[in-house]
Amino acid sequence: MALPKLLGFGKQLLRVKAIDGNSEESRLSRCLNTMDLVALGVGSTLGAGVYVLAGAVARDNAGPAIVLSFLIAALASVLAGLCYAEFGARVPKTGSAYLYSYVTVGELWAFITGWNLILSYIIGTSSVARAWSATFDELIGGHIERFCRQYMSIRAPGVLAEYPDMFAVLIIITLS
């Protein structure tokens, strides 16, 4: 008795969205050429992390193997691009990773993909804001860090940062 209900629930979670390739009711159009897509990918990749963290990673972790690290990252980016190209060819509608997941592997995986996209945007915005804040604080002589360490220190080593970065919070609120 429980097995048919469980199978029915599993089928509901893995149902895929059927779309008609002939009827395009979306107002979005596929107007980006290859150069536009390459520029978009490079622009989204080259955030503050490339400029702020690449030197620190090369110095502290990778050393001369930083070239190998960048080649591995480039290979991963090429493979991700090929995956998106395959999804774009299989799904004749304009969309994103959520729609591609919904059509190809099912509703549960599309739900997980959608929330992973939101999480990646949150983490990306936070890391860029933290990098901008650290760079600005370095430019003005470390006054923000000294003030926050003195008046807003958090004593939870290994769990949280040593102090809340209020300037990064201000940047995130401004960008949102």
Side-chain angles (χ1 to χ4, degrees), residues 9 13-14 28 32 35-85 87-88 94-102 104-176:
F9 180 69
L13 286 179
L14 297 177
L28 302 174
L32 298 177
M35 192 63 193
D36 293 336
L37 292 174
V38 169
L40 184 63
V42 169
S44 66
T45 303
L46 292 179
V50 170
Y51 304 113
V52 176
L53 299 177
V57 169
R59 182 190 67 226
D60 296 337
N61 300 90
I66 191 72
V67 175
L68 184 62
S69 299
F70 278 120
L71 288 175
I72 292 171
L75 177 66
S77 296
V78 166
L79 293 176
L82 289 174
C83 288
Y84 268 108
F87 281 141
T94 54
S96 69
Y98 173 78
L99 178 69
Y100 298 152
S101 298
Y102 197 178
T104 56
V105 291
E107 191 172 4
L108 173 66
W109 298 109
F111 177 80
I112 293 170
T113 300
W115 279 106
N116 279 337
L117 286 171
I118 291 172
L119 182 63
S120 72
Y121 293 146
I122 290 170
I123 291 172
T125 304
S126 300
S127 64
V128 168
R130 179 67 182 105
W132 285 358
S133 172
T135 303
F136 180 73
D137 190 34
E138 191 69 31
L139 288 174
I140 63 171
H143 294 295
I144 298 173
E145 181 179 353
R146 279 196 298 277
F147 177 82
C148 290
R149 282 186 188 271
Q150 184 176 1
Y151 295 108
M152 294 184 278
S153 181
I154 299 173
R155 288 166 183 79
V159 178
L160 298 173
E162 296 177 11
Y163 61 92
D165 192 349
M166 300 313 268
F167 189 66
V169 171
L170 181 67
I171 291 171
I172 291 171
I173 291 172
T174 304
L175 291 177
S176 299

Practice prompt. Output all residues satisfying ring pair (Phe, Tyr, Trp, His ring centres under 6.0 Å) with Phe167, sequence neighbours left out; order by chain, then residue number.
Written response: Phe136

Fill in: Listed partners of Leu99 passing side chain to side chain contact (heavy atoms under 4.5 Å, CB included), at least two apart
Val91, Lys93, Val103

Worksheet entry | Summary of side-chain hydrogen bond (donor to acceptor under 3.5 Å, both in side chains) pairs that have at least one residue in residues 165-174, sequence neighbours excluded | Arg130-Asp165, Ser133-Asp165

Discussion item. Among residues at least two apart in sequence or on other chains, which ones pass side chain to side chain contact (heavy atoms under 4.5 Å, CB included) with Ala80?
Written reply: none

Discussion item. The criterion is side chain to side chain contact (heavy atoms under 4.5 Å, CB included); which residues satisfy it with Tyr102, sequence neighbours excluded?
Written reply: Lys17, Tyr98, Glu107, Ala110

Worksheet item: Which distance, rounded to the nearest 0.5 Å, do you find between the CG of Leu119 and the CD1 of Ile112?
Response: 12.5 Å

Practice prompt. Provide the full list of side-chain hydrogen bond (donor to acceptor under 3.5 Å, both in side chains) pairs with a residue in residues 140-149, sequence neighbours left out, each pair given once.
Written response: His143-Arg146, Glu145-Arg149, Arg149-Glu162

Worksheet item: What residues, two or more places apart in sequence or in another chain, satisfy salt bridge (charged side-chain N to carboxylate O under 4.0 Å, His left out) together with Glu138?
Response: none

Worksheet item: Of all residues at least two apart in sequence or in a different chain, which pass the side chain to side chain contact (heavy atoms under 4.5 Å, CB included) check with Ile118?
Response: Trp115, Ile122

Fill in: All pairs passing salt bridge (Lys or Arg N to Asp or Glu O under 4.0 Å) where residues 113-122 contributes a residue, at least two apart
none

Discussion item. Run the ring pair (Phe, Tyr, Trp, His ring centres under 6.0 Å) test against Tyr151 and tell me which residues pass, sequence neighbours left out.
Written reply: Phe147

Worksheet item: Is Pro164 close to Val169 at the side-chain level, that is, under 4.5 Å between some pair of heavy atoms?
Response: no

Worksheet entry | Partners meeting salt bridge (charged side-chain N to carboxylate O under 4.0 Å, His left out) with Asp137 (sequence neighbours left out) | none

Discussion item. Counting only heavy atoms from other residues, nucleotides and ligands, does the tally under 6.0 Å from CE of Met166 exceed 12?
Written reply: no

Discussion item. Is it the case that the side chain of Ser120 and the backbone of Leu117 share a donor-acceptor pair, with hydrogens and angles ignored and the cut-off at 3.5 Å?
Written reply: yes

Worksheet entry | Ile72 and Leu68, any side-chain heavy atoms less than 4.5 Å apart | yes

Discussion item. Can you pull out every salt bridge (Lys or Arg N to Asp or Glu O under 4.0 Å) where at least one residue sits in residues 66-79? Sequence neighbours excluded, please.
Written reply: none

